[in-house]
**Student:** 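This structure is in structure tokens; I'll ask about it shortly.
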Amino acid sequence: MALLKIARMGHPVLLRRADPVDDPRTPEIARLVEDMIETMIDAGGAGLAAPQVHVPLRLFVYMVPELRSTGPDDPPRAVQALINPVLTAIGDEVATQTEGCLSIPGLRGAVPRPARVRYEGIDQHGAPVSGEATGFLALVLQHEHDHLDGILYPMRMADLGRLGFETEYARFGMGSSV
Ligand code: NI
């Protein structure tokens, strides 16, 4: 196990489209997933995509912390990996939630995204997984999937007036964090 170096906004690795994982069941991928989980937890994040640790492959790790769970439809979840993920929006409803990113330390922003998504992919055990997500799970899956396409959350914001330092978000409750 090892802590990995997290790329910060401005590094070109964050702006390129990542490549599919040829074989999700290799020891190298298992090792990468373990190291990404350790790195995410050490950094206090709820999601981390491979391009953020300088590996341009289509996989990410994510969790729903108890404090971010938005209700019975969006229960807390232990950390999991999603390899070669495919996301599809369900319906037209948009939810605006507050996001942060380990590659953009110290900032928060209010980001509108589809409120419900269907997800498919391969988990860290090599098994196919799929489901529907709402609340924080929908946010984190879309945020991490965006990293695989070179998209950072400020690029999704409708109003850059709602981008701010997390200290000020905490003081003024801008955008009411979930
Ligand atoms: Ni991020």
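In each ligand, atom 1 is the first atom listed, and ligand 1 is the first ligand listed.
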**Student:** Just one of Arg108, His143, Gln142 clears the side-chain hydrogen bond (donor to acceptor under 3.5 Å, both in side chains) bar with Glu99, so which one?
**Tutor:**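 Result: among Arg108, His143, Gln142, His143 is the only option passing the side-chain hydrogen bond (donor to acceptor under 3.5 Å, both in side chains) with Glu99.
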**Student:** May I have the step-by-step check of salt bridge (Lys or Arg N to Asp or Glu O under 4.0 Å) for Arg113 and Asp146, ending in yes or no?
**Tutor:** CA-CA 11 Å; Arg113 296 185 185 275; Asp146 269 354; 2.9 Å; yes
**Student:** Test of understanding: with ring-ring contact (aromatic ring centres under 6.0 Å, His included), list the residues that count as partners of His11, not counting sequence neighbours.
**Tutor:**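 Counting only residues at least two positions away or on another chain, His11 forms a ring-ring contact (aromatic ring centres under 6.0 Å, His included) with His54.
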**Student:** Run the salt-bridge test on Asp149 and Arg58 with the 4.0 Å N-O cut-off and return the result as yes or no.
**Tutor:**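 Looking at Asp149 and Arg58, the cut-off is met.
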**Student:** Check this for me, if you would: do Arg25 and Asp22 make a salt bridge, where the nitrogen-to-carboxylate-oxygen distance has to be below 4.0 angstrom?
**Tutor:**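 Not counted as a salt bridge, because no side-chain N and carboxylate O are separated by less than 4.0 Å.
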**Student:** Among protein atoms, how many N/O/S atoms lie less than 2.8 Å from the Ni ion (ligand 1)?
**Tutor:**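 Under the 2.8 Å cut-off, the count stands at 3.
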**Student:** Do the side chains of Glu168 and Arg171 get close enough for a salt bridge, i.e. N-O under 4.0 angstrom?
**Tutor:**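 Here Glu168 pairs with Arg171 in a salt bridge, since their nearest N and O are under 4.0 Å apart.
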